[in-house]
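Worksheet for the structure shown next.
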Protein chains: 2
Amino acid sequence: MKDHQTVFVEFLQGRGLKYTRNRKIILDIVFGLHEHFDAEQLYDLARKETRAMSRATVYRTIPLLCEAGLLQQSVRSSARDTFEHIYGHPKHIHWVCTRCGAVIETDLAEVMAVLKQEAKRIGFSADEIKFNVVGKCWKCGSIENE
Amino acid sequence: MKDHQTVFVEFLQGRGLKYTRNRKIILDIVFGLHEHFDAEQLYDLARKETRAMSRATVYRTIPLLCEAGLLQQSVRSSARDTFEHIYGHPKHIHWVCTRCGAVIETDLAEVMAVLKQEAKRIGFSADEIKFNVVGKCWKCGSIENE
DNA sequence: ATATAAATTGCGACTCAATCTCAATATATG
DNA sequence: CATATATTGAGATTGAGTCGCAATTTATAT
Ligand SMILES: [Mn+2]
Ligand SMILES: [Mn+2]
Ligand SMILES: [Zn+2]
Ligand SMILES: [Zn+2]
């Protein structure tokens with residue numbers, strides 16, 4: 001399996017785009033982070049690497065990473081898009097607790113079998129899977145009243 | 001099964017809120033519509049019923065309907081939240097085509113079995129399910145190059 | 001190295017969905 | 001009717017995300 005940098009470089013080349021210093025910084029942060037993050041967090045981290053980094057560049061790089069199959073929009077939280085790197089990671093379900101905000105992840109493998117069959121049936125070629133379940137985690141579910 | 005109006009009235013009562021003329025208009029539109037819609041569309045339709053209807057009221061009523069279990073945020077499209085009434089409707093997967101924008105729906109019943117088991121295992125009480133698959137529909141998938 | 005063409009960048013203005021403020025109005029209850 | 005409380009519309013405000021543009025960087029060719 002190619003590493004994420006190779007994937008990105010090849011993606012950029014195929015589009016006639018350049019693997020620049022700023023894009024490298026962003027890529028490294030994205031694959032160094034192992035939680036969900038939003039654009040602002042990514043910007044803050046990138047700013048620590050170099051002062052020559054603007055929000056615009058961050059916002060412009062995110063869709064490139066998504067189109068390269070490296071990043072994916074995840075759970076939308078408090079009116080912000082959040083993201084997570086997906087390259088080399090198994091697909092998973094997000095269980096989002098509406099009380100404490102926790103996001104639990106569980107494997108999606110079992111569901112994938114059913115899903116692939118369904119995709120074949122309707123002739124759909126799937127790129128991204130977003131499976132979010134909203135409710136209460138085990139901790140918050142037992143509280144109920146306060 | 002209670003009708004949606006009863007559900008809403010009881011929900012409002014339980015909160016010490018009132019079943020007003022505007023809320024009734026919005027509820028009726030929401031359950032008269034059978035496609036996904038956004039707040040602006042709902043506002044436009046509500047305006048046809050009465051001029052005494054503001055965007056603020058529409059935006060304020062939507063979360064009430066969601067909390068009552070009648071409405072659910074659906075696929076987010078062109079930077080807008082879209083919604084669909086869910087009360088009395090089976091859960092379904094959304095297959096979103098990135099080329100033509102089509103949203104195909106298929107039943108989620110088969111997946112639900114696996115999901116319920118998983119929910120039990122991690123002690124999560126699920127309220128909403130959002131299962132979106134992004135990719136290309138059968139029509140757009142065969143185009144590829146242009 | 002120098003020249004040329006093309007892509008990238010930061011800055012800050014801009015967009016626009018969604019939220020908030022607040023005074024006027026509607027509603028429920030007794 | 002009187003009182004208390006919830007609702008409402010208008011328009012201001014917020015803020016995530018986008019865009020235009022001139023300056024800069026990068027790749028490639030001479
Ligand atoms: Mn995740
Ligand atoms: Mn639907
Ligand atoms: Zn929780
Ligand atoms: Zn399509």
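Below, all heavy atoms of this structure are taken into account, side chains as well, without hydrogens, waters or symmetry copies. First the proteins, then the strands, lettered A, B, ... as listed; each starts at 1. Predicted model, so just to flag it, every value in this text is computed and none were measured.
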Which pairs with one or both residues in residues 112-131 of chain B pass ring-ring contact (aromatic ring centres under 6.0 Å, His included), sequence neighbours excluded? Trp95(A)-Phe124(B), Phe131(A)-Phe131(B)
Between CD1 of Ile26(B) and P of dT7(D) the distance, given in whole Å, is 12 Å
Once you round it to whole Å, what is the distance between C1' of dT18(D) and CD1 of Ile62(A)? 13 Å
For Arg76(A), which residues count as a side-chain hydrogen bond (donor to acceptor under 3.5 Å, both in side chains) partner, sequence neighbours excluded? Asp81(A)
For residues 5-16 of chain B, the salt bridge (charged side-chain N to carboxylate O under 4.0 Å, His left out) pairs (sequence neighbours left out) are Lys2(B)-Glu10(B), Arg15(B)-Glu67(B)
Protein-to-nucleotide contact annotation, 5' to 3' order, nucleotides 13-25 of chain C [B base; S sugar-phosphate only; - none; under 4.0 Å, heavy atom]: ----SSBBB----
Checking Glu84(A) now: which residues fulfil side chain to side chain contact (heavy atoms under 4.5 Å, CB included) with it, not counting sequence neighbours? His36(A), Ser74(A), Ile86(A), His92(A), His94(A), Glu105(A)
To check you understand the geometry: which heavy-atom pair defines the closest contact between Val133(B) and Ala126(A), and what is its length? CG1-CB, 3.4 Å
Which whole-number value in Å describes the distance from Arg23(A) CZ to dA27(D) P? 11 Å
Is the phosphate of dA26(C) approached by Asn22(B) (side-chain N or O, under 4.0 Å from OP1 or OP2)? no
Within the 3.5 Å criterion, strictly below it, is a donor on Gln73(A) or Lys130(A) matched to an acceptor on the partner's side chain? yes
Of the listed dG10(C), dG9(D), dA10(D), the closest approach to the Thr57(B) side chain comes from dG9(D)
For atom CG of Leu64(A) and atom P of dT8(C), their distance in whole Å: 8 Å
Taking atom P of dT18(D) as reference, at what distance in whole Å does atom OH of Tyr43(A) sit? 16 Å
Please collect all salt bridge (charged side-chain N to carboxylate O under 4.0 Å, His left out) contacts where either partner lies in residues 42-55 of chain B, sequence neighbours excluded, each pair once. Glu40(B)-Arg55(B)
Side-chain atoms of Leu17(B) come closest, of dT7(D), dG10(C), dT8(D), to dT7(D)
Taking distance alone, no hydrogens or angles, what donor-acceptor pairs closer than 3.5 Å link side-chain atoms of residues 107-122 of chain A to residues at least two apart or in another chain?
{"residue": "Asp107(A)", "atom": "OD2", "partner": "Ala109(A)", "partner atom": "N", "Å": "2.9"}
{"residue": "Glu118(A)", "atom": "OE2", "partner": "Arg121(A)", "partner atom": "NH2", "Å": "2.8"}

Only counting residues at least two apart or in another chain, list the ones meeting side chain to side chain contact (heavy atoms under 4.5 Å, CB included) with Ser77(A). Thr82(A)
Take atom CZ of Arg47(A) and atom C1' of dG10(C), then tell me their distance rounded to the nearest Å. 9 Å
Between the two ends of the helix from dA1(C)-dT30(D) to dG30(C)-dC1(D), what is the bend in degrees, rounded to 10 degrees, where each end axis spans five pairs? 40°
Ile25(B) CD1 - dG9(D) C1' separation (whole Å): 14 Å
Taken in chain and number order and not counting sequence neighbours, the residues that satisfy side chain to side chain contact (heavy atoms under 4.5 Å, CB included) with Lys24(A) are Gln5(A), Tyr19(A), Asp28(A)
At a cut-off of 3.5 Å, list every protein nitrogen or oxygen paired with a nitrogen or oxygen from nucleotides 23-26 of chain D, distance to 0.1 Å.
{"residue": "dT26(D)", "atom": "O2", "partner": "Lys18(A)", "partner atom": "NZ", "Å": "3.2"}

Salt bridge (Lys or Arg N to Asp or Glu O under 4.0 Å) with Asp127(B): which residues, sequence neighbours excluded? none
